[in-house]
Amino acid sequence: MDYSAEYEMTLISSENEQGYALSLGSDPKMNGLLVKDSNSYQGYSIPLKDAEKLRDILGK
């Protein structure tokens, strides 16, 4: 897959802190991708329907 990190975020709980990179791409017919910073070789596909919602929320 050819994705680059467009958004970087950190989720913090009382017990843990984890960084993530989010890629939505410029093609509206493309799934998104969420990758943990600590393991850039393992990503989680974001289904097209959910990626579209995120693009709308982020104004992309």
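Computed from a prediction, not measured in an experiment: that's the story for all the values here. Just so you know, these numbers use all the heavy atoms, side chains as well, and skip hydrogens, waters and symmetry mates.
Considering all non-hydrogen atoms of both residues, Ile46 and Leu22 come closest at CD1-CD1, 3.4 Å. Of all heavy-atom pairs spanning Pro47 and Ser45, the tightest one is CD-O, 3.7 Å. The two residues Met30 and Ala51 have their closest heavy-atom pair at O-CB, 4.1 Å.
Atom OH of Tyr20 sits about 9.0 Å away from atom CG of Asp37, to the nearest 0.5 Å. Between Gln18 atom CD and Lys36 atom NZ the span is 5.0 Å, to the nearest 0.5 Å. The distance from atom CG of Leu54 to atom OG of Ser23, rounded to the nearest 0.5 Å, is 11.5 Å.
Residues passing the side-chain contact (heavy atoms from CB on, under 4.5 Å) test with Asn16 are Ser13, sequence neighbours excluded.
Residue pairs meeting the salt bridge (Lys or Arg N to Asp or Glu O under 4.0 Å) criterion with at least one partner in residues 5-21, sequence neighbours excluded, are Glu6-Lys60.
No continuous path of hydrophobic side-chain contacts links Leu48 to Tyr44 [ILVMFWY only; heavy atoms under 4.5 Å]. With hydrophobic clusters built from ILVMFWY side chains whose heavy atoms lie under 4.5 angstrom apart, Leu11 shares a cluster with Leu24.
The side-chain heavy atoms of Leu58 and Lys53, taken from C-beta on, include no pair separated by under 4.5 Å.
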